[in-house]
Amino acid sequence: MSCRCTLTRLHGRDFAIVWIRVASDDACATLSLVSTHVLHEWIGFTMADLPRPFRHTKIIATIGPATETLEKLEALIEAGVDIIRLNMAHGSVEWVGEIIARIRQASHHVGRQVAIMMDVKGPEVRTGPVDAPITLKSGDRLELHTQPFQVVDDGVHRVSVNYPDLPADVEVGATVLIDSGLLRTKVLEKTDDSVVLEVITPGSLGSRRHINLPGTRINLPALTNKDETDLRAGVAAGLDFVALSFVRQAADIVTLQTFLDELDSCAKIIAKIEDQAGVENMEEIIRESDGVMVARGDLGIEIEYHKLPLVQTQLVNACQVQGKPVIIATHLLESMIQSPIPTRAEISDVSNAIREQADAIMLSGETTVGAYPLEAVEVLKNIVESIEPSVDGQINRRIQLHTPKAKMLRSAVVLAKELGRAGVVVFTRSGFLAYVLGAMRAQEVPIYAFTDIPSTFHQLMLPWGVEPFLMDFSDDPEQTIQNALAQLKAKGWATRGEWLVVITNALADDKIIDTLQLRQVNGEA
């Protein structure tokens, strides 16, 4: 099934939409003119109240100075962004409540809801402040001090570091990378409160530069005081996802989950894999988390750069085995921070993520400080539209299904694929069923997930191929099904006579049973 649409503004926020829908088993196209207007009621919002080409791969955009106004947020949402990310490495607690409220306001104006992800800063090892940038030449000595130190004019450069256990953790001969790997150094010697480095790659050292310690296990907490303060504000404002930085082990996820439980938050946790420890422990981390972000910025520094594509594929496959969403992040369209078009290499990189069937692809600097944020979103959509139809349509057979109901879900997508021009309808309060259906990776089979829980509705914006709908459930299961089918028809997702595979509960002899039903829109089953 494919669609094409053109969107013409009439007045205010009203639109005329001319769209063509072509079924895979029907060479004829249906042309219809639809008028839509902004929905003023919360119930009934969907990801796609404005018809658009069906897209399995979700788009995440990070907001910043280039996009945080109400007008730009509306434009991002209207352009098709599914999740908006708040990068708390550059955000304050005061900003959190204000920006989340503005995002919700923008969604209301556009008539299309998005999810909100808070990316907490997490623990970092950084150098301290310097009065002026230090020029470092190859062979120079650089001392990192964990305690106050005396400035001596002996030709050795000295800066403070914010990690007291650094001398205990690093070994002589180890590599220390500073400023995102631009400065490469080697440990020559150490004391109880200092580490002496030899500069290998020259450069300039400014204030508070990030330090990477490839292969070194550091003893830092999963959450910092800033993270906890930011999370309290985010939970109060209604965030949907929390991305945890520098996840090294499953215990880090447990720490965050415990904190969220104390705040009575149902936010889902996304584990950011960005160092060697996270890669080594990926299986247990994926098992404990609700999803994974392949954070290729730090990860590409922490591991050998030529192995990054292999690790990305390994993480994507591991997530698909466990049925967990996976996000590909960092440097997707980095050149578009300053250029209106991407490089050919970036196009290939994004295409690779789509072919690997990642759940989502994420923009960072492109939409925070970039000159072309909307163009970057459009580029991602165009690549998705071109590449997705070329992907092998085989259902994910690697996923581990442990219950009869989970196996029934696989039967549902197999049936929908064989029918052609058919989607799967599922009713869920926790979101679990829809997440499993998305993990099946049934190409050209949309998953229509209906829920009556607003938080679940937002969290269903992440999994691959899932289109969420917020709708009241009736006490009568049959009425709930009919209401869902009516919504799909009214919003242009299904037309009269189309078949849908419906997963729901039914009452039989006073017992509730799981059922897989075949329904026809406005027709007899």
Side-chain angles (χ1 to χ4, degrees), residues 60 85-89 91 96 117-126 162-166 168-170 210-235 239-303 311-312 314-316 318-319 321-330 359-360 362 435 459 462:
I60 302 174
R85 170 179 173 256
L86 315 181
N87 183 3
M88 295 313 298
V96 170
M117 175 188 295
M118 174 181 281
D119 193 329
V120 295
K121 183 178 180 180
E124 290 185 307
V125 181
R126 287 186 177 270
N162 69 342
Y163 179 42
D165 292 336
L166 180 64
D169 286 353
V170 298
H210 183 58
I211 294 177
N212 290 93
L213 303 166
T216 299
R217 292 187 176 272
I218 56 177
N219 184 29
L220 284 172
L223 291 175
T224 66
N225 291 336
K226 171 179 167 53
D227 296 336
E228 292 181 353
T229 301
D230 291 342
L231 283 168
R232 289 189 185 95
V235 169
L239 61 82
D240 304 300
F241 297 95
V242 177
L244 182 61
S245 297
F246 300 102
V247 176
R248 291 154 285 160
Q249 55 193 348
D252 297 340
I253 302 297
V254 175
T255 297
L256 174 56
Q257 186 63 67
T258 300
F259 185 76
L260 292 175
D261 290 344
E262 292 171 356
L263 298 178
D264 197 26
S265 170
C266 59
K268 288 189 177 293
I269 298 174
I270 305 299
K272 293 176 66 178
I273 305 296
E274 27 193 351
D275 63 14
Q276 290 185 13
V279 173
E280 292 170 4
N281 298 322
M282 69 170 69
E283 300 290 346
E284 66 174 55
I285 291 171
I286 295 169
R287 191 174 303 112
E288 197 65 46
S289 65
D290 298 303
V292 163
M293 182 188 296
V294 186
R296 303 183 303 179
D298 279 288
L299 183 58
I301 298 170
E302 289 278 342
I303 66 174
V311 171
Q312 174 176 314
Q314 187 180 2
L315 283 165
V316 171
C319 286
V321 167
Q322 295 195 36
K324 301 291 181 72
V326 58
I327 301 163
I328 304 300
T330 322
D359 291 78
M362 192 179 93
Y435 268 67
Q459 290 164 353
L462 174 59

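- For the atom pair Met118 CE and Leu231 CG, the distance stands at 6.0 Å (nearest 0.5 Å).
- Scanning for ring-ring contact (aromatic ring centres under 6.0 Å, His included) contacts around Tyr435 gives an empty result, with sequence neighbours left out.
- Once rounded to the nearest 0.5 Å, the distance linking CD1 of Ile60 with CZ of Arg85 reads 8.5 Å.
- Considering Leu256, Leu244, Val120, Val242 in turn, Val120 is the only one that fulfils the side-chain contact (heavy atoms from CB on, under 4.5 Å) rule with Asp227.
- Just one residue in the list Asp230, Thr224, Thr229 forms a side-chain hydrogen bond (donor to acceptor under 3.5 Å, both in side chains) with Lys226, and that residue is Asp230.
- Listed here is the closest heavy atom pair of Cys319 and Val292: SG-CB, 3.6 Å.
- Of all heavy-atom pairs spanning Lys324 and Ser289, the tightest one is NZ-O, 2.7 Å.
- A pairwise comparison of heavy atoms in Ala360 and Leu462 identifies CB-CD1, 4.0 Å as the closest pair.
- Under a 3.5 Å cut-off, the side chain of Gln322 and the backbone N or O of Glu283 do form a donor-acceptor pair.
- Across all non-hydrogen atoms, the minimal contact from Ala271 to Ile253 is CB-CD1, 3.7 Å.
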Residues Val316, Ile328; criterion side-chain contact (heavy atoms from CB on, under 4.5 Å); working and verdict: CA-CA 9 Å; Val316 171; Ile328 304 300; 3.9 Å; yes
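- Contact annotation: the side chain of Met117 approaches that of Ile327 to within less than 4.5 Å [non-hydrogen atoms, C-beta and beyond].
- For residues 243-271, the ring pair (Phe, Tyr, Trp, His ring centres under 6.0 Å) pairs, not counting sequence neighbours, are His210-Phe246.
- Taking all atoms of both residues into account, the shortest heavy-atom contact from Asn162 to Val125 is OD1-CA, 3.4 Å.
- For residues 214-223, the pairs satisfying side chain to side chain donor-acceptor pair (under 3.5 Å) are Arg217-Glu280, with sequence neighbours left out.
- In this structure the side chain of Ile273 reaches within 4.5 angstrom of the side chain of Val279, judged on heavy atoms.
- Sorted by first then second residue, the side chain to side chain donor-acceptor pair (under 3.5 Å) pairs that include residues 266-277, not counting sequence neighbours, are Asp119-Lys272, Ser245-Lys272.
- Counting heavy atoms from C-beta on, the side chains of Val96 and Leu239 never come closer than 4.5 Å.
- Although no hydrogens or angles enter the test, the distance criterion places a donor-acceptor pair under 3.5 Å between the side chain of Asp359 and the main chain of Val326.
- Rounded to the nearest 0.5 Å, atoms OH (Tyr163) and CG (Leu213) are 8.0 Å apart.
- Annotation: salt bridge (Lys or Arg N to Asp or Glu O under 4.0 Å) contacts of Glu124 (sequence neighbours excluded): Lys121, Arg126.
- Counting only residues at least two apart or on different chains, the salt bridge (charged side-chain N to carboxylate O under 4.0 Å, His left out) pairs with a member in residues 239-262 are Arg104-Asp240, Arg248-Asp252.
- When atom types are taken as modelled, the side chain of Asn212 and the backbone of Pro214 share no donor-acceptor pair closer than 3.5 angstrom.
- When every heavy atom of Ala329 is checked against every heavy atom of Met362, the shortest pair comes out as CB-CE, 3.5 Å.
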